[in-house]
Novice: 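Mind having a look at this structure? Questions to follow.
The sequence lines fix the lettering, A, B, ..., with proteins before strands; numbering per chain opens at 1. The structure displayed is predicted, hence computed values, not measured ones.
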2 protein chains.
Amino acid sequence: MPKVGMEPVRRRALIDAAISTIGERGGLDVTMSQIAGRAGVSSALAHHYFGAKDDLLQATMRHLLAELASEAREALKTARTARDRVSAVIAVSFSASQFQPETVGAWLAFYVEAQKSPAMRRLLRVYARRLHSDLMSGLRHLLAAEDAIVAAEGIAALIDGLYIRRALKEDTPDTVSAVRLVEDYLETKLQSRGT
Amino acid sequence: MPKVGMEPVRRRALIDAAISTIGERGGLDVTMSQIAGRAGVSSALAHHYFGAKDDLLQATMRHLLAELASEAREALKTARTARDRVSAVIAVSFSASQFQPETVGAWLAFYVEAQKSPAMRRLLRVYARRLHSDLMSGLRHLLAAEDAIVAAEGIAALIDGLYIRRALKEDTPDTVSAVRLVEDYLETKLQSRGT
DNA sequence: TATTTTTTATTGACTAGTCAATCAACAAAA
DNA sequence: TTTTGTTGATTGACTAGTCAATAAAAAATA
């Protein structure tokens, strides 16, 4: 029952299906048929809209990044103080939508893929840089220049590390304790100011 | 030119080849032929000694874990104070042999695989538990019980996070700065004692 | 010691299965 | 009648795993 104007609907459905398929099966070695099937279409249609499998995967990664960026922008908008800005960035990283095991699984899979694919690596670098600058936008006002950079790197590494642990499920660090751990790090950093 | 007593030699060569192939290509989707070829034998021989591909991969992971464990044991032996113990664990995680991009790439690939494979997940849990207990063996004497646990979790997450960043190469955190970052975290934790 | 037999090492060729990508064909809307 | 949406069938490439065959070393036997 072909209706016109399906393209955006199908694209979105395929990307969503790609995320959950990758997250569920844990890895990028998912087949076009699995993804297409979950989106309720044939694999031929997936190729029709995205060309090669790689293109669909890249579009998926881009979608993940865009979603995270948009959440971060939103959260930063309402943060009043510098301290709030840092907490906002941390909170977004572990927000319900981002910290879902499926999503985390997909993120991790893309991290691995980035080792092979320069295109993916570029995308991830964009994310890393934005995270850094978002963190610095608050930390800059709270710590001396050098300390702020170290703190930003530390927080970023902590976030990535907690993501990995989340992806492994079982004895999963939940959202709350993950946030607490990072906030605790930040707090000790702020307290040792000037030492 | 068949000589007798080749089994251990081949096994080791195949495992080494697996590590570098996985690390170089970034992912577990390497073929038996690639691994065997790098080890200088036919793919049939790899199957002869390891059975299925999965078995070779598991043996490889086990080898990685065993090597890390042995290095850690060695380092802890010479640590005199509690503080030294913690530093020793950190140092081992970023030692030259462990922090090689190839090795790190392989580690990351196994992390992803662990999402699918319960066997791999079990192995990784062994690693996580040992890391935790090694850290606690020092931290226990330096911090209050609760704080020690938080610090151990934080250090572990930092290590994993820095590994990920290392795997992505380019703007790589080198060994020295990675150690410094973790040590700095530990230091601030210790200083805020009793706060 | 000379020989046969067994064990160990090794591979090329093959099988069976999977999957990305293509394409011709069909259906509904414009 | 042209455009848009859609799929089943097919192709071509690749790969895990098997197997029969070969050859050297070691063990057993004469």
Side-chain angles (χ1 to χ4, degrees), chain A residues 1-61 106 109-110 112-113 116-117 119-120, chain B residues 1-61 106 109-110 112-113 116-117 119-120:
Chain A
M1 345 58 197
K3 259 183 268 181
V4 128
M6 281 285 94
E7 177 153 0
V9 178
R10 296 304 191 200
R11 288 190 103 94
R12 180 58 198 265
L14 283 165
I15 286 177
D16 285 347
I19 294 174
S20 42
T21 307
I22 291 167
E24 185 178 289
R25 310 215 2 137
L28 290 197
D29 56 343
V30 294
T31 71
M32 286 299 259
S33 297
Q34 288 167 345
I35 297 174
R38 186 179 282 242
V41 298
S42 74
S43 70
L45 196 68
H47 275 106
H48 174 64
Y49 283 126
F50 285 95
K53 181 183 174 183
D54 228 47
D55 298 323
L56 169 55
L57 258 24
Q58 268 186 48
T60 303
M61 165 102 244
F110 280 117
V112 170
E113 183 67 12
K116 307 175 223 182
S117 157
M120 294 283 185
Chain B
M1 345 56 203
K3 259 182 268 177
V4 126
M6 283 283 96
E7 176 154 2
V9 178
R10 296 305 192 199
R11 288 190 102 93
R12 180 58 198 266
L14 283 164
I15 287 178
D16 284 347
I19 294 174
S20 44
T21 307
I22 291 167
E24 185 177 290
R25 310 213 4 135
L28 290 195
D29 56 344
V30 294
T31 70
M32 286 298 260
S33 297
Q34 288 168 346
I35 296 174
R38 184 179 283 242
V41 297
S42 73
S43 70
L45 196 68
H47 275 106
H48 173 65
Y49 283 125
F50 284 97
K53 181 182 175 182
D54 228 47
D55 298 323
L56 169 55
L57 259 23
Q58 270 187 45
T60 303
M61 166 102 243
F110 281 116
V112 169
E113 184 67 12
K116 305 175 224 181
S117 156
M120 294 283 185

Novice: Can you name the atoms? Protein N/O to nucleotides 14-17 of chain D N/O, anything below 3.5 Å, with the distance.
Specialist:
residue	atom	partner	partner atom	Å
D:dA16	OP1	B:Lys53	NZ	3.2
D:dA16	OP2	B:Met32	N	3.2
D:dG17	OP2	B:His47	NE2	3.3
D:dG17	OP2	B:Lys53	N	2.6

Novice: Can you see which heavy atom on A:Ala119 is nearest to which on A:Gln58, and at what distance?
Specialist: CB-NE2, 3.4 Å

Novice: Show me the side-chain donor-acceptor pairs of residues 30-37 of chain A shorter than 3.5 Å, one per line, residues at least two apart or across chains.
Specialist:
residue	atom	partner	partner atom	Å
A:Thr31	OG1	A:Ser33	N	3.4
A:Thr31	OG1	A:Gln34	N	3.0
A:Gln34	OE1	A:Thr31	N	3.0

Novice: Run the salt bridge (charged side-chain N to carboxylate O under 4.0 Å, His left out) test against A:Asp54 and tell me which residues pass, sequence neighbours left out.
Specialist: none

Novice: From the set D:dT4, C:dC23, C:dA9, return the single nucleotide nearest to any side-chain atom of B:Glu7.
Specialist: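 Side chain of B:Glu7 sits closest to C:dA9.
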
Novice: Can you name the side-chain contact (heavy atoms from CB on, under 4.5 Å) partners of B:Asp55, sequence neighbours left out?
Specialist: B:Ala52

Novice: Counting just side-chain N and O atoms, does A:Arg10 come under 4.0 Å of either OP1 or OP2 of D:dT6?
Specialist: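 It does, given that an N or O in the side chain of A:Arg10 lies less than 4.0 Å from OP1 or OP2 of D:dT6.
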
Novice: Show me the donor-acceptor pairs within less than 3.5 Å that the side chains of residues 42-50 of chain B make with the rest of the protein, sequence neighbours left out.
Specialist:
residue	atom	partner	partner atom	Å
B:Ser42	OG	B:Ala44	N	3.4
B:Ser42	OG	B:Leu45	N	3.3
B:His47	ND1	B:Ser43	O	3.4

Novice: Could you state the CG-C1' distance from A:Leu45 to D:dT4, rounded to the nearest angstrom?
Specialist: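 About 11 Å, once rounded to whole Å.
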
Novice: Rounded to whole Å, please give me the gap between NE2 in B:His48 and C1' in C:dT7.
Specialist: 11 Å

Novice: A:Leu28 has an atom CG; how far is it from atom P of C:dC19, in whole Å?
Specialist: 15 Å

Novice: Would you list the pairs meeting side chain to side chain donor-acceptor pair (under 3.5 Å) in which at least one residue belongs to residues 9-21 of chain B, sequence neighbours left out?
Specialist: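 Matches after skipping sequence neighbours: B:Glu7-B:Arg11, B:Arg12-B:Asp16, B:Ser20-B:Arg38, B:Thr21-B:Arg38.
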
Novice: For B:Leu14 and C:dT10, give me the distance from atom CG to atom C1', rounded to whole Å.
Specialist: 12 Å

Novice: Should B:Tyr49 be listed as having a side-chain N or O under 4.0 Å from OP1 or OP2 of C:dT8?
Specialist: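 For C:dT8, OP1/OP2 do not have a side-chain N/O of B:Tyr49 under 4.0 Å.
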
